[in-house]
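The block underneath contains the structure these notes are about, expressed in structure tokens.
What you see is a predicted model; the values in this text were computed from it and never measured. These numbers come from the heavy atoms of this one structure, side chains and all, not from hydrogens, waters or symmetry mates.
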Amino acid sequence: MKKTLIAATVALLATGFAHATTEADVENTFNPYKGGFPKVNGLNPGTVINKANADQFKDAIPAGVFKLVKDGMFEIKVGPTTQFELSKAYIEATRKNLGKAKLGAKNGDLEGYVAGRPFPEEPDAKDPRAGEKLAWNYKYGVNWGDGAAISPFYWKYRNMQTGQVEKTIKFNFHFLNFKHRVKDAPVPEVTPNPSELFRAIYVKALDPQDLKNTQLLIQRYEDDQKLDDAYLYLGFQRRVRRLATGQTTDAFLGSDLMIEDFEGYNGRISDMKWTYKGTKNVILPMWNHNELKLATDMPAEADGYKYVDFGGQGGCFHSASWQLRKVYVLEAAPVNANHPVSKRVFYMDAQLGNLNGANEIYDRKGELWKVFMVGKSHPDSHLPINKGSGIGIDDAFSMVDVQSKHCTTGQFKGQVDPKLNPPSMFQVQYMRGGD
């Protein structure tokens with residue numbers, strides 16, 4: 001009897017706090033503004049936050065962003081808070097599989113998950129594994145949906161002090177969920193899938209000439225305890241090489257990003273210790289693309305699409321509006337003591353469940369190293385193919401290295417189009433045939 005009681009206690013601790021998820025949890029997680037949008041005194045649509053008034057709004061600004069504004073590097077124009085409704089198929093999958101997902105004994109273990117948001121209930125500060133549950137919500141979140149492409153995707157390497165654009169790379173990025181698909185055929189899984197992959201990312205450089213046909217493939221397994229596979233194809237060498245685990249934390253092609261930074265966090269749940277730090281209302285870069293003043297210095301797209309403009313110090317900041325959002329503050333500390341980062345701080349949008357709105361990355365000494373800001377457009381105010389997708393469309397990014405005074409910026413043409421992401425693209429053999 002005593003052994004049974006002990007086993008039950010261990011199981012309860014392993015899975016975190018017991019909580020019977022309800023229909024109300026589903027409603028609240030996907031519609032956090034049902035009772036009205038958040039408000040901060042003096043912070044209204046049209047307000048411009050700059051170094052002169054930043055202190056007034058400090059509690060409503062992510063800490064890293066506050067430092068950048070306070071140092072006079074850029075100003076923020078506030079727009080109205082808007083609903084970013086998620087895919088109806090994803091919401092329905094959450095409802096259908098309510099309460100099935102359970103944390104396992106170890107960080108990185110999840111049992112019973114089928115599809116949708118695994119833990120739609122509000123995080124509980126008393127739950128020691130609340131942060132881990134939020135991390136799973138991100139991993140199995142909508143992100144780019146069942147499959148999408150950024151085609152093309154421009155990265156610019158900039159000297160923050162002089163404004164010089166040192167390099168421009170034109171990429172295509174592709175994303176595919178192999179499992180837990182809810183909307184695009186095949187549902188629920190791409191088959192055959194003998195390796196039991198969950199998701200994959202394929203990247204191809206189109207320009208400049210010295211990087212042309214450089215390719216990156218990342219394969220993430222359903223089993224979070226299993227290391228990702230990552231492969232790099234260098235066009236000038238005409239061969240594929242497997243990346244060692246540590247190389248995902250090196251500067252990617254000399255930029256200010258590491259592979260682990262992609263999408264806010266591109267690693268395993270088990271690679272980090274996750275801590276929920278509380279719920280706040282803070283501003284995040286979210287907007288309607290078609291209502292912005294767009295860039296005039298970018299190559300024209302055949303369909304007339306224009307990219308988000310950049311300004312501020314060194315041209316390092318997207319010129320677009322931010323809005324007050326409900327967020328979960330989530331801290332991730334690497335379990336590997338040799339990791340170049342001591343911690344990441346995420347401001348997780350409560351409605352979308354993404355981790356890339358305005359992140360802070362701290363070096364091994366615990367000092368602020370980089371600030372990553374990915375702006376999202378509402379899909380209904382973007383390309384026609386994205387309308388009704390229920391996905392916050394990544395639209396522009398800024399990775400600012402506050403220590404070296406350097407930045408890498410990105411301008412997206414995101415397309416939620418399954419035809420652009422055939423499963424064959426996410427295999428090593430495809431890289432060899434890419435010339």
Side-chain angles (χ1 to χ4, degrees), residues 26 29-30 84-98 100-101 110 112-118 120 136-153 172-204 215 217-224 228-229 262-263 266 303 305 351-354 376-380 382-394 412-431 433-434:
V26 177
T29 194
F30 293 119
F84 273 66
E85 303 90 348
L86 272 74
S87 153
K88 288 183 173 61
Y90 185 78
I91 295 173
E92 186 52 39
T94 303
R95 185 175 284 115
K96 183 179 178 181
N97 297 295
L98 205 58
K100 292 181 181 177
L110 187 68
Y113 174 72
V114 179
R117 186 167 285 177
W136 281 110
N137 283 353
Y138 162 68
K139 176 172 178 174
Y140 289 135
V142 170
N143 299 316
W144 277 106
D146 293 336
I150 308 168
S151 178
F153 191 2
N172 282 343
F173 270 59
H174 299 263
F175 310 88
L176 184 72
N177 285 359
F178 282 82
K179 285 178 171 285
H180 312 297
R181 299 168 62 84
V182 297
K183 187 177 180 183
D184 300 326
V187 174
E189 181 178 359
V190 173
T191 56
N193 184 14
S195 299
E196 291 290 305
L197 296 178
F198 157 57
R199 192 169 191 258
I201 301 173
Y202 169 73
V203 179
K204 184 176 182 178
Q215 300 166 67
L217 175 64
I218 303 165
Q219 296 174 326
R220 176 149 301 131
Y221 291 91
E222 173 71 359
D223 181 357
D224 192 82
D228 295 350
D229 283 334
F262 291 2
E263 300 185 274
N266 182 38
D303 59 0
Y305 180 82
Q351 188 169 35
L352 290 178
N354 296 138
K376 293 183 182 295
S377 172
H378 195 287
D380 296 351
H382 202 266
L383 289 166
I385 198 165
N386 297 330
K387 190 171 182 178
S389 65
I391 295 171
I393 304 296
D394 288 355
F412 300 71
K413 186 182 177 184
Q415 302 172 59
V416 184
D417 184 353
K419 295 190 298 293
L420 298 177
N421 308 284
S424 60
M425 178 181 280
F426 301 89
Q427 305 297 332
V428 173
Q429 295 88 326
Y430 186 88
M431 303 173 83

Handout entry: side-chain contact (heavy atoms from CB on, under 4.5 Å) between I391 and K183, worked out
Key = CA-CA 12 Å; I391 295 171; K183 187 177 180 183; 6.0 Å; no
Practice task
Look at the aromatic rings of H174 and Y202 and report parallel, tilted or perpendicular, splitting at 30° and 60°.
Solution key: tilted
Problem - Contact summary for F173 and F153, nearest pair of heavy atoms - result: CD1-CD2, 3.4 Å
Practice task
Check whether any side-chain heavy atom of N172 sits under 4.5 Å from a side-chain heavy atom of P152, and report yes or no.
Solution key: yes
Completion exercise
CG (D146) and CD (E189) are apart, to the nearest 0.5 Å, by 12.0 Å
Handout entry: Separation between CG of L176 and CG of L420, rounded to the nearest 0.5 Å
Key = 11.5 Å
Handout entry: H180 and F198 aromatic ring geometry - parallel, tilted or perpendicular at 30°/60° bounds
Key = tilted
Completion exercise
In short, N143 meets N354 closest at the heavy-atom pair OD1-ND2, 3.0 Å
Fill in the blank from the handout: Between the CG atom in D380 and the NE2 atom in H382, the distance rounded to the nearest 0.5 Å is 11.5 Å
Practice task
Would you check if Y140 and L110 make a side-chain contact, meaning some heavy-atom pair closer than 4.5 Å?
Solution key: yes
Problem - Intermediate values then yes/no, side-chain contact (heavy atoms from CB on, under 4.5 Å), R220 and N266 - result: CA-CA 9 Å; R220 176 149 301 131; N266 182 38; 3.2 Å; yes
Handout entry: Pairwise side-chain contact, V182 with V187, heavy-atom cut-off 4.5 Å (strictly under)
Key = no
Practice task
Of all the heavy-atom pairs spanning G414 and L383, show the shortest one and how long it is.
Solution key: O-CD1, 3.5 Å
Practice task
Write down the atom of W144, the atom of E263, and the distance for their closest heavy-atom approach.
Solution key: CD1-OE2, 3.5 Å
Exercise for the section: Go through the steps to decide whether K376 and D394 satisfy the test salt bridge (charged side-chain N to carboxylate O under 4.0 Å, His left out), and finish with yes or no. Expected result: CA-CA 5 Å; K376 293 183 182 295; D394 288 355; 2.3 Å; yes
Handout entry: Closest non-hydrogen atom pair, G390 against P379
Key = N-CG, 4.1 Å
Practice task
Answer whether the closest heavy-atom distance between the side chains of P186 and T191 falls below 4.5 Å.
Solution key: no
Practice task
Would you indicate whether the side-chain heavy atoms of M431 and K204 approach each other to under 4.5 Å?
Solution key: no
Handout entry: Heavy-atom side-chain proximity of Q219 to Q427 below 4.5 angstrom
Key = yes
Practice task
Give, for atom CD1 of I201 and atom CZ of F426, the distance between the pair rounded to the nearest 0.5 Å.
Solution key: 9.0 Å
Handout entry: Side-chain touch R181/V190, heavy atoms, less than 4.5 angstrom
Key = yes
Handout entry: side chain to side chain donor-acceptor pair (under 3.5 Å) partner of R117, chosen from T29, T94, N97
Key = T29
Handout entry: Backbone of F30 reached by a side-chain donor or acceptor of Q351 within 3.5 Å
Key = yes
Completion exercise
Looking only at heavy atoms, the pair that brings S87 and S389 closest together is CB-O, 3.7 Å
Exercise for the section: Indicate yes or no: at least one non-hydrogen side-chain atom of L197 is less than 4.5 angstrom from one of D229. Expected result: no
Problem - Gap separating the CG atom of L352 from the OH atom of Y138, nearest 0.5 angstrom - result: 12.5 Å
Handout entry: ring-ring contact (aromatic ring centres under 6.0 Å, His included) partners of F178, counting only residues at least two apart
Key = none
Handout entry: Atom pair CZ/CG of R199 and D228 - distance to nearest 0.5 Å
Key = 11.0 Å
